[in-house]
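One structure below.
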Amino acid sequence: MKKYINGIIAGVISGVINCLFLLFAKNLEITVFISTFISWIVIGILISSVNYKAKGVIKGVVVSLLVSLSSLVYTFASTIFGGIWTLITTLLVGAFMGYIIEKTNIK
């Protein structure tokens, strides 16, 4: 159970970080902030529960890309710069989450 709590905490922190990045974008609705926050909590739970035989950073990148793929397609269709920025933050924050979750789940 501890690993899921670690995933939720890492997801909340990552969601807040991503929402802070979104403050730089103009004309975003509140639903974008809410869906981003919820997505990162779900990503945190999934990273903590995945049983890949890979390092935490790789797990974080793979899971965050898979979960964010649909929003990446939508974002790239709207704006290239926003899509690139979303892809970069997905990779960096996903890797960070995977690393943190792996280090805090030591038995």
Side-chain angles (χ1 to χ4, degrees):
M1 187 64 167
K2 180 185 175 210
K3 67 180 182 176
Y4 298 114
I5 301 298
N6 290 340
I8 292 170
I9 292 170
V12 167
I13 293 169
S14 298
V16 169
I17 290 170
N18 270 286
C19 287
L20 290 174
F21 285 140
L22 288 176
L23 291 175
F24 294 110
K26 293 180 176 47
N27 301 327
L28 291 180
E29 296 179 15
I30 190 71
T31 54
V32 174
F33 291 92
I34 294 169
S35 67
T36 299
F37 186 74
I38 292 170
S39 294
W40 282 105
I41 293 173
V42 170
I43 290 170
I45 293 169
L46 290 175
I47 291 171
S48 67
S49 64
V50 166
N51 196 19
Y52 294 152
K53 298 294 182 200
K55 295 284 185 188
V57 172
I58 301 299
K59 284 192 232 182
V61 168
V62 169
V63 170
S64 64
L65 275 176
L66 289 174
V67 172
S68 301
L69 195 58
S70 62
S71 63
L72 281 169
V73 170
Y74 176 77
T75 306
F76 269 113
S78 299
T79 171
I80 297 295
F81 178 75
I84 292 170
W85 182 251
T86 303
L87 181 62
I88 291 170
T89 57
T90 299
L91 293 173
L92 291 177
V93 176
F96 173 74
M97 282 179 65
Y99 177 78
I100 294 300
I101 290 171
E102 179 183 55
K103 293 301 179 190
T104 57
N105 282 342
I106 296 174
K107 296 173 182 155

For residues [X] and [Y], report the shortest heavy-atom separation together with the two atoms involved.
X	Y	result
Val57	Ala95	CG1-CB, 3.6 Å
Gly44	Ile101	O-CD1, 3.6 Å
Phe37	Val12	CE1-O, 3.6 Å
Tyr52	Val62	CE1-CG1, 4.1 Å

Check the hydrophobic clustering (I, L, V, M, F, W, Y; side-chain heavy atoms under 4.5 Å; chains of links allowed) and say if [X] and [Y] are grouped together.
X	Y	value
Ile43	Ile17	no
Val50	Val42	yes
Val93	Leu46	yes
Ile9	Val16	no

Taking atom [atom1] of [X] and atom [atom2] of [Y], what is their separation to the nearest 0.5 Å?
X	Y	atom1	atom2	answer
Thr75	Ile80	OG1	CD1	10.5 Å
Leu65	Leu91	CG	CG	5.0 Å
Glu29	Ile34	CD	CD1	10.5 Å
Ile84	Thr89	CD1	OG1	12.0 Å

(message) With heavy-atom distances below 4.5 Å as the criterion, would you say the side chains of Met97 and Trp40 are in contact?
(response)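 Contact flag for Met97/Trp40 side chains = yes.
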
(request) Decide yes or no for Lys55 and Glu102: does some side-chain heavy atom of the first lie under 4.5 Å from some side-chain heavy atom of the second? (result)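 Yes, at least one pair of side-chain atoms sits under 4.5 Å.
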
(request) Please name all residues satisfying side-chain hydrogen bond (donor to acceptor under 3.5 Å, both in side chains) with Asn6, sequence neighbours left out, ordered by chain then number. (result)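 Testing Asn6 for side-chain hydrogen bond (donor to acceptor under 3.5 Å, both in side chains), a comparison that skips the adjacent residues, returns Thr104, Asn105.
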
Sequence neighbours left out, cut at 3.5 Å: what donor-acceptor pairs do the side chains of residues 66-74 make with other protein atoms?
from	atom 1	to	atom 2	distance (Å)
Ser68	OG	Ser64	O	2.9
Ser71	OG	Ser68	O	3.0

(message) By the definition side-chain contact (heavy atoms from CB on, under 4.5 Å), identify the one residue from Ile30, Thr31, Val32 that meets it with Leu28.
(response) Val32

(request) Output all residues satisfying ring-ring contact (aromatic ring centres under 6.0 Å, His included) with Phe21, sequence neighbours left out; order by chain, then residue number. (result) Trp85

